[in-house]
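Report on the structure given below.
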Amino acid sequence: DFSSKMLAVFENLPHTGGIMYEGDDEKISRFFNMIGKILDERRKVFRGGNYSQYYRANGLQYPSILIVIDNFSAFNEKTGERYLPALIRLSKEGESNGIFLLLSGGGFSLSDIPNRLAGNIKTCLCLELKDRFTYTDYLHTMRFEVVPEAGVHGRGLCVIDRKVLEYQTALSLPARDDYERMQKIENQCTVLAGAWECPTARKVPQIPENPDWAGFEALPEVQKAFADPALLPVGYREDNAEIYSLNLSSVFIYLITGMAKSGKTSFLSLAALSALHKEKARIVLIAPDMPPGLPESDAVSLVSDAEHLYE
C-alpha cells in the first residue's frame, strides 16, 4: 500500500498474508523472495499444466494468491524499480500458476505502469479518462459506443463477454465518511478473524522482534526441519527471514565465536534444544555448568572437569 494506507484495515484478516508500506524495505524484499519461490514450486508441481487443470484433478491443495499494489507509480519509484522484473515475470507466469496481480495506477506510461508490464495485463477497469481515445489503450478495442457519464464518481468502462459496458462501482459500506467506513470494515474483519477455523494465508516472512524458543519451535518450517534427520534448525536468516538449519550430513565441526556476552552460550543452548528433537539424540556438553534452558534428561550429559573428560 503506497497510497493512503486504507488497506490497513485488512491486515488482521485471515486471508491476508501481510501489508507493506513505504519504508518497509526488508519486508518487501522478503515478500518477493517468498513469492518467487512459491512460483518456482508451483511450476514444478503443475508440470506444464495450469492452475485450473491441477485444481480440477487434485482439489484445492494450492490456494489462489492475489497480490495487490495500490499506487503502482509510487511503489515502483520508491523501490527504485528493483521489483519490476519480478512483477513482469508474475504478469506472464502467475495466472497459470494461481498467482494474480491487482494494480492501481494513473495509466500506462514510463512514469506509471511501464509498457513492459502493461503488455501482459489483459483486464482493465477504467474510471473516467480525459477523452474517448484514451479508453482504447486499456480496453484493447476501438469498437464501443458508450462513454462514462462525466463527473460521476465511480463511473467507468469495462469489457464483459467481449462487450464494452458502462459500470458504476459501489461503496463497500454506508458511512458518513471514509474514516467511519474503514472502522466498520475493520470491525467486520475482526469478527471474521475471531470465528475463522480454517488455515490462514501464508504470512510474509519476518524475524520476530523478541524471538523465543517456544515460538521458534512451533513454526511449521521448524517442525519440518525436525523431521529431517540431516537438518538442525538454529535460527532465522537475516536476508529473507527464512529458517536457517545446519546440514548435519556435511557439517561435522561448527565453530561458534564472538565477543563476551555476544550470545555464544544462548546459541549453543538453542542448538542443543533443537537436537533433542532428533530420534535417539545424545548431547554431551563440555562446560563448567549446564547452559540455562536445557532440561535435565538422560539424553544430555555434562562434563565439567578433566576427570570425566576422557571417560
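Heavy atoms only: backbone and side chains are in, while hydrogens, waters and symmetry mates are out. Quick caveat: nothing in here was measured; it's all calculated off a predicted structure.
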Going by the angle between their ring planes, with limits at 30° and 60°, are Phe267 and Tyr254 parallel, tilted or perpendicular?
-> parallel
When rounded to the nearest 0.5 angstrom, what distance separates OG1 in Thr136 from CZ in Phe144?
-> 6.0 Å
Mind checking whether Ile69 and Phe2 have side chains closer than 4.5 Å, heavy atoms only?
-> no
Below 4.5 Å, heavy atoms only, C-beta onward: do Leu13 and Cys189 meet side chain to side chain?
-> yes
Decide if atom CG of Asn12 counts as having more than 12 heavy atoms of other residues, nucleotides or ligands within a radius under 6.0 Å.
-> no
Side-chain heavy atoms of Lys224 within contact of Asp228, under 4.5 Å = no
Criterion side-chain contact (heavy atoms from CB on, under 4.5 Å) on Tyr138 and Leu129, from CA distance to verdict | CA-CA 11 Å; Tyr138 306 109; Leu129 300 175; 3.7 Å; yes
Qualifying salt bridge (charged side-chain N to carboxylate O under 4.0 Å, His left out) pairs, either residue in residues 95-114, two or more places apart | Glu95-Lys122
Does any non-hydrogen side-chain atom of Glu221 lie less than 4.5 Å from one of Glu242?
-> no
Heavy-atom count around Glu279 CD within 6.0 Å, excluding the residue itself: above 12?
-> no
Under-4.0 Å salt bridge between Glu41 and Lys37 = no
Test item: Met290 and Leu285 side chains (from C-beta on) under 4.5 Å apart, heavy atoms | yes
What closest approach, in Å, do Phe216 and Gly235 show between heavy atoms, and which atom pair accounts for it?
-> CZ-N, 3.4 Å
Does the side chain of Thr134 pick up a donor-acceptor pair with the side chain of Asp131 at under 3.5 Å?
-> yes
Is there side-chain contact between Ser29 and Tyr83, with heavy atoms separated by less than 4.5 Å?
-> yes
List for me each residue that meets side-chain contact (heavy atoms from CB on, under 4.5 Å) alongside Tyr21, sequence neighbours excluded, and say none if there are none.
-> Asp1, Lys5, Ala8, Glu11, Ile19, Asp24
According to a 4.5 Å side-chain heavy-atom criterion applied to Ile, Leu, Val, Met, Phe, Trp and Tyr, with indirect links allowed, do Ile35 and Leu102 form part of one hydrophobic cluster?
-> no
For atom NZ of Lys203, is the number of surrounding heavy atoms from other residues, nucleotides or ligands below 6.0 Å larger than 12?
-> yes
Inspect the surroundings of CG in Leu60 and state if more than 12 heavy atoms from other residues, nucleotides or ligands are less than 6.0 Å away.
-> yes
Centre of Tyr54's six-membered ring, under 6.0 Å away, within 45 degrees of the axis: is that where NZ or CZ of Arg47 sits?
-> no
Would Leu87 and Asn76 satisfy side-chain contact (heavy atoms from CB on, under 4.5 Å), going step by step from the backbone distance to the final call?
-> CA-CA 10 Å; Leu87 287 166; Asn76 203 31; 5.8 Å; no
Decide yes or no on side-chain contact (heavy atoms from CB on, under 4.5 Å) for Ile65 and Arg42, but give the supporting numbers first.
-> CA-CA 12 Å; Ile65 298 174; Arg42 293 189 176 195; 3.6 Å; yes
Glu217 and Phe226: side-chain contact (heavy atoms from CB on, under 4.5 Å), yes or no, with the steps?
-> CA-CA 9 Å; Glu217 181 184 31; Phe226 286 154; 4.0 Å; yes
Quick one: are Val9 and Arg181 in side-chain contact, heavy atoms under 4.5 Å?
-> no
May I ask you to test the Gln206-Lys27 pair for a side-chain heavy-atom distance under 4.5 Å?
-> yes
Please check if atom NZ in Lys163 has more than 12 non-hydrogen atoms from other residues, nucleotides or ligands closer than 6.0 Å.
-> no
Return yes when atom CZ of Arg162 has more than 12 non-hydrogen atoms of other residues, nucleotides or ligands closer than 6.0 Å, and no otherwise.
-> no
Relative to the ring of Tyr51, is the ring of Tyr55 parallel (under 30°), tilted (30 to 60°) or perpendicular (over 60°)?
-> parallel
Using a strict cut-off of less than 4.0 Å between a Lys/Arg side-chain nitrogen and an Asp/Glu carboxylate oxygen, indicate whether Arg155 and Glu128 qualify as a salt bridge.
-> no
Rounded to the nearest 0.5 Å, what's the gap from NE2 on His153 to CD on Gln168? Could you check?
-> 10.5 Å
